[in-house]
Amino acid sequence: MSTATPPGSTWNHPDPAYDLIVIGAGHAGIEAALAGARMGLRTLIITMNLQSIGQMSCNPAIGGVGKGQLVREIDALGGAMGALADLSGIQFRMLNRSKGPAVWSPRAQSDKWAYAREATKLLFAANGLDVRQGQVVDLLVRAGRVESVMLDNGTCLRGHAFVLCAGTFLNGMTHVGEAKMASGRAGEAPAIGLSQALMREGVQIRRYKTGTPPRVDRHSIDLAGLDQQAGDEPPAPFRFFENRISLPQLPCHIAWTGDACHAILRDNLHRSPMYAGRIEGVGPRYCPSVEDKMVRFADKDRHQLFLEPESVNGREMYVNGFSTSMPEEVQLAALRTVAGFEKVRFTRAGYAIEYDSFPAWQLKPDLSLKSLHNLFLAGQINGSSGYEEAAAQGLLAAIGASAFLEGKDAWIPTRDQAYLGVLVDDLVHKPLPEPYRMFTSRAEFRLLLRQDNADERLMPQARNLGLLEEWRWQILLQRRDLRQRLLGWLQDTALTPRQVAPLLESASSGEAASSPCSTQRAAIWLKRPEINLAGLLASAGPTWALEADASLLAGLEMDIKYEGYIQRAQREQEVFRRNEALPLPENLDFSSVAGLSIEARDRLKLVQPGTMGQASRVGGVNPTDLQALWIHLQKSKVRAASPLN
Amino acid sequence: MGADGRDTIVAVATPPGRGGLSVLRISGPQAFAVALSRITRRSLPAHGCSRLVWLKDHDGQRLDQALLLVFHAPHSYTGEDVVEVHTHGAPFVVESVLKDLLRDCAAADPGEFTRRAVENGRMRLDQAEGVQALAEASSGLGHQLALRALAGGTGSVVEALRLQLLDVLSQLEADLDFSDHDIEAATAEALMPALAAMRERVAAWMASWHTGRLATGAQVVLVGAPNAGKSTLLNALAGQERALVDEGPGTTRDAIGVELRLDEALTITLWDTAGLHEGAHGVEKRGMALTRQRVAQADIILHLVAPEQCPLPEVAGDPRCLLVFTKADLGAHALADQGVQLSAKSGLGLDELRTSLRKRLLDDHWQQLELVVSEARHLDLLRRADTALARAELALTASHDFTLAAADLRDAAQALGAITGAVDFDEIYPRIFARFCIGK
């Protein structure tokens, strides 16, 4: 047994080993623990502080473009995030409404205290789930498996499988100007010891950084002078088949930086820890600090700021767009130049945080470490950013752990099945030069993976895994039936030009729509851009069609209107699946493959992909390399089939 | 097989037959070792240098005095270690050297040196096609186009458009993925001119196939009623008797093709065919079916009409048709001003016919085109790109759906990328981040 720093004597807990021990109670940990318990595993979740379960350390919001799709999928798989966002939501918006249904993306502002409270309630209410406070400082490893975790007081807790979701706490270091502090989140202690334990087991570590803006006192802002942005009315919930939105809905406010603000930031660039070289970690390009914006987009004369309420009744507000690690006096001076912020007071200053993460090529697609089979890693420590990405991994890690304990292959979502599949495949196979966040353009099957059809895509799987409530399954079946009947009606019903004329007229703006000529089936009419399904059903549909809600209609409409695109996507899906189904031998020696470029060989050796499809995504591998790999496989097949061998 | 699992290959690079000298090429990890084992000296010449050596076989018997030329990886044609062996040109000598080298090397498959060059990143797919075209060039046009392709002209022009396309795509994607950020929204109005310009270029490239396909020779078919003088004309243009000629009609029964050089730029394959007329049967009828097949594939139809004959309506209306009034020495045809007057006997009109043919086939402005498509594979891919771009326009203007337009642009970019062998969509992010200030 190897331990780094046993702090005094270690006391083994008398209770039997847990099936699953989850370390960390952030967004990944919550999903991992709840899913584990729901799948029947005796589960323990350990958090450094029982008062800070389910914290929103950064933006008080859930969802967004790409991320909203993840939340819908997590919900369809029986996860908690959708319900928590609904219960704590104070403003809901469907982003990208004008851009095409494939990228409609739900996003909600949350009351961050309500979110944490609901998450805490959920953990304590779950059957088969124990919750306790403690800091895990070491892992006790025997024969390639983690046997127990040691807390800072020396107590050892035994388990059969473990999910580590430490967020930004591992050797966390916060920076505000010249001041730096060992810290896992503003005002909270970092986790020391765990990284060292993993390094001892040969796991490689990389430093990443992220940042957050200052929080300001609502009473110090002239809100009346700012533009408002309201939510959708009525708000649409994340959770499928249930609306638990109950908090009052609030607007956000919009402000703009200007020359005076930029001048202050620019004059003080040398005091930014990033530019002074005090931060070594790599930060995300899609979430630059405001000082970064000064350097990279020097020609832009103003930047937008969103002022987001952090709670219904509290006074703290989040200044979205002003992420910074400048000294507090610079942050304050710069922000006070912004109209509406002249008298702003901070409740907390902005800061940057550096933390340990573990390059995810060290993981298998079930998120277990290749070198420690019963240890699963989830969330920000895998190099992702964002609550949604973390929660998705927590859920998948629990699914992986459950399969591991049963001795089965884990269900792993595929890229053509879910954003969850894109996420895990990208993390484990692609090179990640910066913290990873989901975008819709990462999903090559974007037209098939929509937020409106996540239920249909994933609930059957959730049911197989024991993660879906029976009543939701029943609703899914009813909706399927209704959808089928609607489709039948659209395909069988002939409509005359006169029947659809009102729809054409109301849509045509000045320019007359190309004149309708003859009677056609409803599904054909629907393909015209100016006709939508709701309108069609309202003017000519059967009365039973009224049962269908907007999201069911949107999905069906998309499938019919864009049939050609869907079919093309499905053909690509076939090709994709063929490649995914071509396995690479487990211990393939890539050095023996003729014709691989050196870069491809190095990446393949490192990542050790399991299929041709995965090999195509490891980075540095081009089509000729794939061809070489394919030829190699064919040759070995011939050799294997030869009786002389 | 070498340490990296790759064979060392050898092949004769010069054509079979007797010549002043022949070149054998060895490529692969063992190339230097093999060459060293066949010479008395202890070392090979330096990279890019040559040396005259006595060439021995595996057992030490002298085979020839030869010139060795050495190239070190990756600075060689294939990107591997390469040795060229210039031997004397007698087939027996070359065969002996090859046979001996095959004891330590594998025989190269056809095109394998070039394939390795592509695999090792020494050239792109379109350049490899240029190599092939250059090896097969049979006309000035074919030669020029192959040189363009080999120099990377095709690839760089297509690649430039693909990058433009990715640029538009990245604007669309930025608009989809960062719509909640403070970036200038992409609008259909702003994107359409760029799309239209791209389509125009792709259309021009597709139209250039009209010229490019002639690189391997134009198909010219002689058509007419029996005894119109088709075979006589064939022989006159070929400058020798290639087809049997007889006073009686129906002498030619199957289609006879003769490749000949029309001028510096163009090679044509001239097809003599069975005469078309009513009431044919048996062999003659089958001959006429062959004629119609040839006509379908023709670039130009030379329709020959003798003084006593009328133009055949099924041919004369074809836009590819050039009317030729034969036997002009017997008197002018009533429609003579609609075509070329020809007397194979006196040679009258032959030069005029050549000039007309040349004008109809090849527009001399082709040299000013930025791209002349001469590979059918490229044409197919351009068609796919064009269709996808057309759909993208429709998606932007009619359905106002950026996700569909993005799917179409990806399709188009993929098609263009397939021409050069480039396909990587992780190129989009750097473009987005370079262009927009992303991040709230």
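Ion pairing between E572(A) and R410(B) fails under the 4.0 Å rule for side-chain N and carboxylate O.
Put simply, CZ on F178(B) and CG on L95(A) are 13.0 Å apart, with the number rounded to the nearest 0.5 Å.
Closest approach of A398(B) and P529(A) over heavy atoms only: O-CB, 3.3 Å. The heavy-atom pair separating V103(A) from L176(B) by the smallest distance is CG2-CD2, 3.7 Å.
Contact annotation for S98(A): only backbone heavy atoms (N, CA, C, O) come within less than 4.5 Å of a heavy atom of chain B. Heavy atoms closer than 4.5 Å to chain B are found nowhere in W104(A), neither backbone nor side chain. Proximity to chain B is absent for every atom of R93(A), based on heavy atoms less than 4.5 angstrom apart. With a threshold of 4.5 angstrom between heavy atoms, P213(A) does not approach chain B through any atom at all.
Of all the listed residues (D401(B), D408(B), T403(B), L404(B)), the one sharing the greatest number of non-hydrogen pairs under 4.5 Å with chain A is L404(B).
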